[in-house]
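Taking it in order: structure first as structure tokens, then the write-up.
Note on naming: letters A, B, ... go to the chains in the order of the sequence lines (proteins, then strands), and numbering restarts at 1 for each one.
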Amino acid sequence: MELRQASSATELDGATPVHGGTEVVPLLRAGLLSADTLIDIRPIVPRGISRERIGAGATLAELECDPQVPAALREACRLAASPQLRNMGSLAGNLLQATRCWYWRLNWPCRLHGGDECFAQEGEHREHAIVANDFCASGHPSDVAATLVALDAVLHTSTRTLPVAELYRLPTEDNRATTTLEPGELILEVEVPPCDASVYLKAMDRKRWAFPLVGVAAARSGDSTRIALAGVAPVPWLLDGELDDATPLPGNAYKVELAQALVRRAKTALASA
Amino acid sequence: MSNTLNVNDHLYEFHSPAGTTLAETLRDELALTGTKVACAEGHCGACTVLVDGSPTLACITLAHSVGDAKVTTIEGLREHPMVESFVRSDALQCGFCTPGQIVSAVALVEAKAVPTRDEIRHAMAGNLCRCGAYPKIEEAIRTWQD
């Protein structure tokens with residue numbers, strides 16, 4: 001394996017980009033990712049925070065305590081991962097993290113690995129998805145991604161500008177990817193439009209250092225409120241309605257009630273903010 | 001990429017191949033075995049070292065990516081009063097997680113000498129202790145200047 005430093009975004013061809021390494025290194029070690037060449041992109045990804053524009057290389061620890069950052073995003077960062085991981089992990093890396101589904105992590109030949117079965121649907125799925133879970137039942141683990149969807153953030157990549165929601169796609173028979181990022185494309189900046197109030201609420205198995213069972217991000221601008229959820233679908237889920245059309249699996253129906261309760265609490269918090 | 005490491009203010013050359021982690025290089029090549037590896041996948045915090053003062057997981061940090069940053073391991077904190085405080089508070093049983101606990105605790109008190117209970121719990125959340133010595137660890141951090 002070779003590791004080199006990037007000096008421009010055009011030299012990523014065929015190389016695996018690594019920033020904080022908190023996702024890439026464990027995946028390499030677990031054999032879930034293979035790479036001949038790793039390219040350290042820290043020199044070419046902006047890191048500063050300037051009002052609405054956040055460098056994609058900012059760490060979660062930096063976002064967690066910066067008053068320029070909307071409250072929901074600060075809270076999502078504060079409740080994510082562990083202090084060490086927040087010191088290391090970048091904003092864009094967090095958006096691109098892979099699922100925590102143990103069948104995927106244990107390299108079972110599931111649909112995300114190109115196979116023809118979602119083992120979680122018949123197996124252990126207490127932590128898995130309750131909507132859009134018919135093809136792959138993984139739950140998206142990123143508190144930050146759901147929050148940026150609620151905040152209607154925009155990504156500036158090395159090749160295009162897109163709403164953060166369009167970074168994600170539900171996997172299908174023909175295309176098992178869960179993001180729309182092209183090979184060699186780098187997320188460089190995240191633009192977060194101002195809002196009047198925002199909140200992030202997270203249900204987890206322990207109070208710290210846990211992935212979301214359900215995370216609810218809500219942002220209000222004037223009369224309009226956007227709500228997005230983590231942990232309920234294979235991608236960050238923009239809420240439309242009340243989750244009455246959820247399709248929970250036998251072992252995770254509790255999540256519907258949990259999500260609905262957190263949505264109610266988030267709305268109440270926004271109303272009094 | 002760099003094949004030197006600044007560890008505890010000492011400059012080391014190392015020869016591990018690309019892809020080697022900082023924890024492996026510290027332990028296997030530089031013989032600094034105070035840094036422990038338990039889960040080896042970035043979950044438990046046993047391998048915590050400081051990189052430019054920030055608690056960092058050495059088991060998932062690539063050694064060649066550290067560059068000029070200053071690495072501080074438990075060996076570099078021998079004289080820090082936090083070590084004595086852990087002993088005084090009996091803040092360990094098996095002791096395997098202790099180097100990582102002390103490294104995280106030192107970073108916390110360097111940032112804020114008298115942290116609140118909530119600040120201690122927030123800052124120490126990434127250091128797991130299977131013996132369950134948490135109350136004593138918290139006590140050691142509260143009383144480190146005594």
Please report the closest heavy-atom contact between B:Ala123 and A:Pro83, naming both atoms and the distance. O-CG, 3.4 Å

Heavy atoms from other residues, nucleotides or ligands near CD of B:Glu79 exceed 12 (cutoff 6.0 Å): no

Quick one: what part of B:Thr48 sits under 4.5 Å from any heavy atom of chain A, side chain, backbone, both or neither? side chain

Considering only heavy atoms, which portion of A:Arg42 lies under 4.5 Å from any heavy atom of chain B: side chain, backbone, both, or neither? side chain

Kindly compute the distance separating SG (B:Cys44) from CD (A:Gln84), expressed to the nearest 0.5 Å. 9.0 Å

What part of A:Met1 gets within 4.5 angstrom of chain B, counting heavy atoms only: side chain, backbone, both, or neither? both

Under the 3.5 angstrom rule, does the side chain of A:Trp209 hit a backbone N or O of B:Asn127 as a donor-acceptor pair? no

When you look at CZ of A:Arg265, are more than 12 heavy atoms from neighbouring residues, nucleotides or ligands closer to it than 6.0 Å? no

I need the A:Asn87 CG to B:Asp52 CG distance, nearest 0.5 Å. 11.5 Å

Gap separating the NE2 atom of B:His122 from the OG atom of A:Ser82, nearest 0.5 angstrom: 10.0 Å

Is it the side chain or the backbone of A:Glu64 that comes within 4.5 Å of chain B heavy atoms, both, or neither? side chain

With a 4.5 Å limit on heavy-atom distance, are the side chains of B:Leu57 and A:Thr22 in contact? no

Heavy-atom neighbours of A:Arg4 CZ exceed 12 at 6.0 Å: yes

Given a strict heavy-atom distance threshold of 4.5 Å, which part of A:Leu3 is in contact with chain B: side chain, backbone, both, or neither? both

Residue part contacting chain A, namely of B:Ser104, when any heavy atom lies under 4.5 Å: side chain

Give me the atom names and distance for the closest heavy-atom approach of B:Gly19 to A:Arg29. O-NH2, 3.1 Å

Tell me the closest heavy-atom pair linking A:Pro26 and B:Ile60, and the distance in Å. CG-CG2, 3.7 Å

Crowded around A:Arg206 CZ? As in, over 12 foreign heavy atoms under 6.0 Å? yes

Over 12 foreign heavy atoms within 6.0 Å of CD, A:Glu124: no

Identify which part of A:Gln5 has an atom lying under 4.5 Å from any heavy atom of chain B, answering side chain, backbone, both or neither. both

If you count heavy atoms of other groups shown closer than 6.0 angstrom to CG of B:Asp68, is the number above 12? no

